[in-house]
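For reference, the structure is listed below as structure tokens.
Convention: sequence-line order gives letters A, B, ...; per-chain numbering from 1.
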Protein chains: 2
Amino acid sequence: MNAKEQFIATQAKVDEAAIAPLPNSRKIYVEGSRPDIRVPMREISQSDTPASFGAEPNPPIYVYDCSGPYTDPAARIDIRSGLPALRAGWIAERGDTEQLADLSSEFGRQRAADHALDELRFPGLHRKPLRAKAGANLSGNVTQMHYARRGIVTPEMEFIAIRENLRRKEYMESLLAAGPTGKKMAGLLTRQHPGQHFGAAIPAEITPEFVREEVARGRAIIPANINHPETEPMIIGRNFLVKINANIGNSALGSSISEEVDKMTWSIRWGGDTVMDLSTGKNIHETREWIIRNSPVPIGTVPIYQALEKVNGRAEELTWEIFRDTLIEQAEQGVDYFTIHAGVLLRYIPLTANRMTGIVSRGGSIMAKWCLAHHKESFLYTHFEDICEIMKAYDVAFSLGDGLRPGSIYDANDEAQLGELKTLGELTDIAWKHDVQVMIEGPGHVPLHMIKENMDLQLEQCKEAPFYTLGPLTTDIAPGYDHITSGIGAATIGWYGTAMLCYVTPKEHLGLPNKQDVKEGIITYKLAAHAADLAKGHPGAQIRDNALSKARFEFRWEDQFNLGLDPDKAKEFHDETLPKESAKVAHFCSMCGPHFCSMKITQDVRDFAAQQGVDEAEALQKGMEVKAVEFVKSGAEVYRNV
Amino acid sequence: MNAKEQFIATQAKVDEAAIAPLPNSRKIYVEGSRPDIRVPMREISQSDTPASFGAEPNPPIYVYDCSGPYTDPAARIDIRSGLPALRAGWIAERGDTEQLADLSSEFGRQRAADHALDELRFPGLHRKPLRAKAGANLSGNVTQMHYARRGIVTPEMEFIAIRENLRRKEYMESLLAAGPTGKKMAGLLTRQHPGQHFGAAIPAEITPEFVREEVARGRAIIPANINHPETEPMIIGRNFLVKINANIGNSALGSSISEEVDKMTWSIRWGGDTVMDLSTGKNIHETREWIIRNSPVPIGTVPIYQALEKVNGRAEELTWEIFRDTLIEQAEQGVDYFTIHAGVLLRYIPLTANRMTGIVSRGGSIMAKWCLAHHKESFLYTHFEDICEIMKAYDVAFSLGDGLRPGSIYDANDEAQLGELKTLGELTDIAWKHDVQVMIEGPGHVPLHMIKENMDLQLEQCKEAPFYTLGPLTTDIAPGYDHITSGIGAATIGWYGTAMLCYVTPKEHLGLPNKQDVKEGIITYKLAAHAADLAKGHPGAQIRDNALSKARFEFRWEDQFNLGLDPDKAKEFHDETLPKESAKVAHFCSMCGPHFCSMKITQDVRDFAAQQGVDEAEALQKGMEVKAVEFVKSGAEVYRNV
């Protein structure tokens with residue numbers, strides 16, 4: 001659907017590209033301790049090793065799957081109905097929530113009553129909003145942190161443990177069972193370099209109890225609003241796989257509800273672990289409803305954006321009451337985490353006066369303007385405990401916003417930025433007092449050598465609450481390529497301990513990303529997060545690299561494409577020069593041609609060694625002189641038939 | 001010209017895209033101590049700061065320019081004639097070379113005599129090849145290192161010193177002269193974060209004498225074959241700006257001479273500091289001639305590729321004689337550096353037997369095959385001093401090849417790789433004994449946390465000879481995006497001390513890059529090299545970031561585009577959503593729209609402060625309470641007219 005076309009709810013349909021099957025992939029569900037814990041993974045099957053390389057079977061590998069039911073051919077997808085409420089039973093059985101008769105937010109009720117919006121409205125929601133029962137437990141608190149601290153392992157936590165392990169044990173077993181070469185293969189395919197973890201404490205296997213402990217101590221969060229039961233639970237913390245977030249959202253200048261829903265389904269297809277809806281244009285409320293109801297991943301927002309729309313863009317007219325109503329409105333829709341710029345204090349604002357690029361966070365600049373206009377600390381800061389009360393009643397996690405993050409290399413790690421970080425650490429303590437989950441947002445624009453200081457200070461001042469960074473961009477000189485300038489920073493800070501990386505698209509600083517930009521941003525950040533996992537030594541992280549490298553070495557072209565983050569592009573690139581099907585089994589590619597393919601030559605060398613029975617390194621070394629003549633005689637140049 | 005079309009020399013013409021002017025850019029030449037030292041730079045002019053931001057003039061900035069005469073509108077470009085022989089006079093006046101009556105290489109003479117090739121042949125070369133005069137100095141040695149060690153500062157060295165400084169002083173002066181705000185602007189625009197240099201020793205200003213010292217001690221090289229007088233001198237060393245190399249070259253499966261020349265001119269337009277011609281297909285000799293005669297940047301090759309073609313791809317039939325003739329053939333054409341895989345020793349080959357991906361260097365695998373077939377050390381190793389004798393007679397630099405580099409994360413930093421590195425260190429000593437310039441090639445595929453070990457070992461074992469790395473790729477799971485997986489590693493290893501980064505294109509592992517891929521690879525590596533310069537604290541590196549960030553903050557859209565590495569793409573991205581010319585002066589972009597533009601809001605805040613005369617940080621802090629009311633009264637929401 002084109003942005004110019006009228007969006008009509010009854011005609012909305014899923015983006016076909018989001019539900020197309022991924023090549024050689026199958027959605028599987030790993031069952032937990034009870035039948036309603038069904039953890040999705042993507043199984044990528046592989047072809048056997050060609051006879052010339054030893055004819056080994058290559059068991060399927062399992063990869064983390066954010067795409068939800070969209071890639072499950074058994075699922076009935078209708079975005080007008082939304083996704084099944086996967087967690088509804090778990091939430092209900094805890095017995096600490098109540099269904100509200102109506103929306104608690106005044107604005108929410110207004111929108112619901114406005115028939116002019118009927119045509120736009122998501123038609124599939126037939127349940128009432130939930131809220132923590134006052135008195136059901138001591139504090140009317142339904143956060144995962146609250147349960148964790150009381151020793152409760154929730155189904156969400158078990159789900160996550162299974163998800164994070166990615167069937168590593170089963171993969172190892174399948175390798176060992178793969179015929180006579182199984183043991184060798186298992187050694188080869190599961191070997192991994194020890195990492196450099198900078199104090200991370202990642203266990204060899206993630207247990208539900210480990211998840212609970214990490215959440216209890218605030219070192220990880222599970223964004224899981226009770227009003228977003230459609231989410232497949234996931235975790236953000238430095239001792240888990242590094243996650244990535246994709247930003248979507250329209251602006252006053254473009255994009256429709258339909259386009260934003262498509263961007264969401266597109267984001268998760270390629271691996272977005274969470275999605276932030278940063279809409280600032282028209283119909284923010286309705287757009288968000290469509291996104292949440294159709295999203296299997298947690299949704300984050302910046303509520304101040306919508307609050308500002310409610311006062312027609314006049315920051316100084318914002319009030320705690322308007323903001324509070326907005327928080328409740330969004331919490332009852334099911335937003336899983338809120339970016340709240342409560343660390344923008346009056347005393348920090350003058351510190352930005354000599355910056356190159358001032359305040360570049362939208363939320364930060366809005367709050368700075370408010371603070372200056374009223375000359376008092378913002379209501380985000382003064383009402384922080386009130387906000388906590390709301391957050392815990394729905395289990396919305398804080399993403400404490402870095403409103404004073406640097407917007408240029410020049411401004412990196414300055415007083416304003418680091419002052420605010422300290423305040424975010426203090427706010428973390430307050431949120432934790434309420435058992436509200438917290439992550440901390442980070443920069444921004446930082447040269448490579450100054451990234452570590454950000455991570456070190458954050459770990460210290462925010463007591464290992466998960467760090468969630470935008471990039472950072474490591475140079476300012478490449479507009480149009482800021483997914484890459486920032487991907488460099490993201491991989492680096494991920495390695496140092498950042499738990500989630502907020503993607504940057506090629507359009508950063510230039511315009512609103514389209515679907516293609518979203519994909520480019522996602523893939524860049526998936527590879528950056530993976531580079532970080534490898535560098536940290538995350539157990540099993542190297543399995544996919546090993547499998548892909550083996551496929552590459554054995555000229556299993558299709559497997560090489562399919563094991564990669566973007567099979568479509570890999571295949572397209574290959575086919576640009578060698579489009580024929582026969583080229584998919586060729587033992588060379590167009591880069592070097594058949595004579596210069598080093599992998600091919602290496603295989604010739606190995607074949608020779610194997611023919612001579614000298615496949616052990618030592619034997620190869622000792623026996624080579626005698627065998628050299630035979631090597632030449634036996635035809636060093638015999639190329640395998642294609 | 002399409003690859004399928006017949007290439008006819010007399011009709012060859014330059015790629016129009018390579019000579020189009022870059023926006024708001026002017027080619028300037030900075031004269032050295034003599035009129036024939038004219039150092040090219042690109043001057044990017046900027047518009048004045050809009051009145052609403054203070055109406056400052058923004059002096060032009062100077063950026064490193066690899067594009068040669070192609071971007072000089074005053075130059076007459078005809079690729080059938082080649083470029084002017086810029087260095088011919090300098091070479092001649094040294095009096096240590098002699099013109100040869102004919103080519104010394106038998107193969108070269110054969111090709112010259114073959115009239116079937118006339119149609120393909122570069123028609124513009126009318127001079128005879130040069131070689132060091134035997135006895136002109138003690139050893140018949142014309143290397144820049146030889147001169148450097150004898151205390152001679154060559155015109156090449158002076159040229160480089162001017163080039164590396166990028167008119168930093170003049171820029172500072174132009175800022176100071178820019179009216180009443182000049183001093184403030186100079187402070188803002190030239191401020192830079194101190195770097196983390198890991199032992200690099202970069203002076204505040206590069207002098208010709210410093211260049212000489214660095215070359216003399218082997219810590220930098222100037223690739224400048226006496227038969228490539230068309231080169232604009234450049235330097236590769238850890239105490240200079242980080243450089244990048246672009247690989248081009250056809251394979252048996254595709255691409256024509258014309259396409260390869262176009263890739264070269266395209267590479268240097270976007271910032272390729274050197275270009276390697278890795279052709280392995282037909283007419284390698286003629287293709288190379290066209291490239292060298294038209295290249296203002298040093299050209300590198302891997303001579304073993306051509307030698308292998310001469311024995312029809314049968315590695316075991318390679319001989320020292322064939323290889324020697326190839327070296328001389330290419331040296332007399334003007335190749336500036338040779339990749340020579342002399343470190344692939346017999347004892348290392350069995351160490352690759354248990355690798356995931358064996359030997360992935362083409363040259364390495366060819367030599368391994370030869371070594372095994374003959375069971376002796378390769379002629380590259382046994383004839384290393386003979387090779388030095390050839391190199392010094394033309395001033396070809398060594399790029400000692402890492403034939404055993406890892407081809408997968410699995411194989412990173414293994415015994416085979418590190419064993420070879422040690423041998424490369426030993427060979428460096430031998431080359432230096434001959435005053436032959438040396439750089440060392442490095443991996444490959446290495447996870448982030450294992451990159452530092454590569455750099456540390458290289459610095460130690462190769463005694464700071466410049467490191468020249470391919471990436472490294474930090475994960476294997478993203479075919480189609482390996483410019484990014486490797487750009488991350490490249491920025492990192494550049495920061496640690498690598499002197500030149502060999503680009504990787506999106507087609508890596510999949511196919512032969514086309515022009516678009518070449519550009520994507522170049523820009524990715526330019527930004528990675530720049531991120532490294534910033535992290536090392538290279539003096540003046542931040543000037544371009546500062547200028548671009550200031551333009552961004554002041555909504556000087558065109559300046560933001562033009563100061564970036566790829567103005568065309570930045571503009572194209574911007575115009576996708578806001579194509580109108582008026583949008584180029586808009587104080588917002590399509591990402592946030594006018595109400596949410598944080599930079600705009602920041603400016604509102606600053607304007608208010610300025611109106612009240614409280615532009616100092618302290619005053620702002622103290623006086624704000626009183627002023628707050630006025631701020632609201634005076635209309636916090638007054639948007640500037642667009």
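Between chain A and the residues B:Leu563, B:Thr475, B:Thr524, B:Leu278, the largest count of heavy-atom pairs under 4.5 Å involves B:Thr475. Taking B:His445, B:Lys536, B:Arg544, B:Arg191 one by one and counting their heavy-atom pairs under 4.5 Å with chain A, the maximum is reached by B:Arg191. The candidate with the highest count of non-hydrogen atom pairs below 4.5 Å against chain A, out of B:Leu189, B:Thr474, B:Asn546, is B:Asn546. Among B:Gly480, B:Pro447, B:Gly564, B:Pro479, the residue with the largest count of heavy-atom pairs under 4.5 Å with chain A is B:Pro479. Across B:Gln560, B:Lys184, B:His193, B:Gln542, the residue that shares the most heavy-atom pairs under 4.5 angstrom with chain A is B:His193.
Not counting sequence neighbours, the partners of A:Lys550 by the salt bridge (charged side-chain N to carboxylate O under 4.0 Å, His left out) test are A:Glu56, A:Glu554. Residues meeting the side chain to side chain donor-acceptor pair (under 3.5 Å) test with B:Tyr481, sequence neighbours left out: A:Asp566.
In this structure, the portions of A:Leu534 lying under 4.5 Å from any heavy atom of chain B include both its backbone and its side chain. With a threshold of 4.5 angstrom between heavy atoms, B:Asn514 approaches chain A through side-chain atoms but not through N, CA, C or O. Proximity to chain B (any heavy atom under 4.5 Å) is shown, for A:Asn247, by neither the backbone nor the side chain. Looking at B:Gln196, both its backbone and its side chain come within 4.5 Å of chain A, counting heavy atoms on both sides. Heavy-atom distances place both the backbone and the side chain of B:Pro506 under 4.5 Å from chain A. Proximity to chain A (any heavy atom under 4.5 Å) is restricted, for B:Ser361, to the backbone atoms N, CA, C and O. Proximity to chain A involves both the backbone and the side chain of B:Leu188, based on heavy atoms less than 4.5 angstrom apart. Neither the backbone nor the side chain of B:Gln192 comes within less than 4.5 Å of any heavy atom in chain A. Using a 4.5 Å cut-off between heavy atoms, B:Leu527 touches chain A through backbone and side chain atoms alike. Interface residue A:Ala412: backbone and side-chain heavy atoms are both found under 4.5 Å from chain B.
Between B:Glu576 and B:Lys571 there is no salt bridge, since no side-chain nitrogen of the basic residue lies less than 4.0 Å from a carboxylate oxygen of the acidic one.
Ring geometry, A:Trp370 versus A:His374: the interplanar angle falls under 30°, so the pair is classed parallel (tilted spans 30 to 60°).
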